[in-house]
There are 2 protein chains.
Amino acid sequence: MVNKKSDKSTEEKILEAAKAVFTEKGLDGARMQDIADKAGINKALLHYYFRSKDKLFEVIFLEQAAKFMPGIIDMLTSDMPFFQKIEKFVDVYISVLIENPLLPLFILNEVNKNAQGLAKKIWGGGKPPIAGVQQAIDKEVKKGIIKPISALQLMLNMVSLCVFPFLAKPLVQFISQTNNAQFNQLMEARKKEVTKFIIDSLRK
Amino acid sequence: MVNKKSDKSTEEKILEAAKAVFTEKGLDGARMQDIADKAGINKALLHYYFRSKDKLFEVIFLEQAAKFMPGIIDMLTSDMPFFQKIEKFVDVYISVLIENPLLPLFILNEVNKNAQGLAKKIWGGGKPPIAGVQQAIDKEVKKGIIKPISALQLMLNMVSLCVFPFLAKPLVQFISQTNNAQFNQLMEARKKEVTKFIIDSLRK
DNA sequence: GTCTATATTCCGATAGAC
DNA sequence: GTCTATCGGAATATAGAC
């Protein structure tokens, strides 16, 4: 084994390199040459494995999109205690983002450039079952545990608080004067902060 | 006056068109031809007024960046009542975003691609005076009005809750099944929701 | 200042040898 | 399967007439 990559299949090396380049530069900014270089092969081979840049991109995008879309609806409609659902969601989601800090910007960028096409390719054509979330909330309201709130607004709040700091990572690092490791510490600490912020707001 | 644009200077027409195309497509995705078409002129004239695509982009970027960076620090250190500061910030910021929904993604994208260069071009080299915000918060804590919180985390929360829905606008529209006008209504309603959400969380 | 026409560079994609 | 060499188109940028 000469280096770390030599025991991986060529296809795996390409996918790994493509993920890195696409998530950093976006579809338009990425260069097939860069992907080839990073994978340690040449351009022609990229076209041999994946017909075109667009095809390669689509593979990467769908793979990453699945990672980005949190199972927030499933989680909020599960049978865990309500506040525990929130804590779990925040914890898991921020952990994913610490491991994949470029993910949110990558996904949102491409969804915006391709609004109608991609948004529906991620989910099926079906509507998201947001009504179930509203029922779960209303149940807690009736029990007198939380204040009334719209399911959409609550989900927006939860996702916003988790994701935005990563979208604005360079700005946050500038304002907080932190390096990468310190930024991750900050986000680790933020798990508790966000959970507390949400629960304190909901609690009656 | 034949049309709306005929009484504007050529430079103004270019800037207007460039803003529209760059904010929609980003630096890499934008085409000089598209900008020329939208401005009602030809490509050569773009280079006559601005030397290159990059130069033109920089003008647009700096102009838009100023709009995006909210005066959150100034606002939080002003002498308004504390909860009123929050309400005002949310109201003003979401209004700006309703008028410029593409602004956040545009800015964050380019800041990320150019982390070191642009972040410092926006502000001067100086550190942001976040310490003043912490003092303003601590004062309210001592008065017994709010719970203790880090200035950075609070500012992150406030900005996250306002900005993220616009970054994820296509996804939000899909989930909430809304058209543009309905989305704007949703964001208008969100002003009160976000203000309430933040204040409920901070209040003792 | 504004245009048409053209030069130049870059990049995705293909051809063909091994 | 993998490579080198090259094509062909697209996009930025320039030259030069008006």
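Below, chains carry the letters A, B, ... as their sequence lines are ordered, and counting in each starts from 1. Side chains included, hydrogens not; waters and symmetry mates left out as well; all remaining heavy atoms used.
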Q.
Using a 4.0 Å heavy-atom cut-off, does A:A36 contact any base of the nucleic acid, only the sugar-phosphate backbone, or nothing at all?
A. nothing
Q: Any pair with a residue in residues 150-163 of chain A that passes side chain to side chain donor-acceptor pair (under 3.5 Å), sequence neighbours left out, goes on the list, sorted by first then second residue, please.
A: A:Q153-B:R190, A:N157-B:R190
Q: Kindly state which residues belonging to residues 42-54 of chain B come within less than 4.0 angstrom of DNA chain C, counting heavy atoms of the residue only, listed by number.
A: B:N42, B:A44, B:L45, B:Y48, B:Y49
Q: At the 4.0 Å heavy-atom cut-off to chain B, mark where contacts on DNA chain C begin and end, going 5' to 3'.
A: C:dG1 to C:dT4
Q: For residues 62-90 of chain A, pull every pair meeting ring-ring contact (aromatic ring centres under 6.0 Å, His included), keeping only residues two or more places apart or in separate chains.
A: A:F89-A:Y93
Q. Which residues satisfy the salt bridge (Lys or Arg N to Asp or Glu O under 4.0 Å) test with B:D138, sequence neighbours excluded?
A. none
Q. How long is the line joining CD1 of B:I14 and P of D:dT12, in whole Å?
A. 14 Å
Q: Could you tell me which residues satisfy ring pair (Phe, Tyr, Trp, His ring centres under 6.0 Å) with B:F164, sequence neighbours excluded, listed by chain and number?
A: none
Q) When you check the gap from the basic side-chain N to the acidic O, do A:E16 and A:K8 get nearer than 4.0 Å? A) yes
Q: Let me know the distance between CZ of B:F57 and P of D:dA11, rounded to the nearest Å.
A: 18 Å
Q) Going by the salt bridge (Lys or Arg N to Asp or Glu O under 4.0 Å) test, which pairs reach into residues 80-90 of chain B, not counting sequence neighbours? A) none
Q.
Please list all pairs meeting ring-ring contact (aromatic ring centres under 6.0 Å, His included) that have one or both residues in residues 10-52 of chain B, counting only residues at least two apart or in different chains.
A. B:F22-B:F57
Q) With sequence neighbours excluded, what pairs up with B:N184 under the side chain to side chain contact (heavy atoms under 4.5 Å, CB included) test? A) B:I98
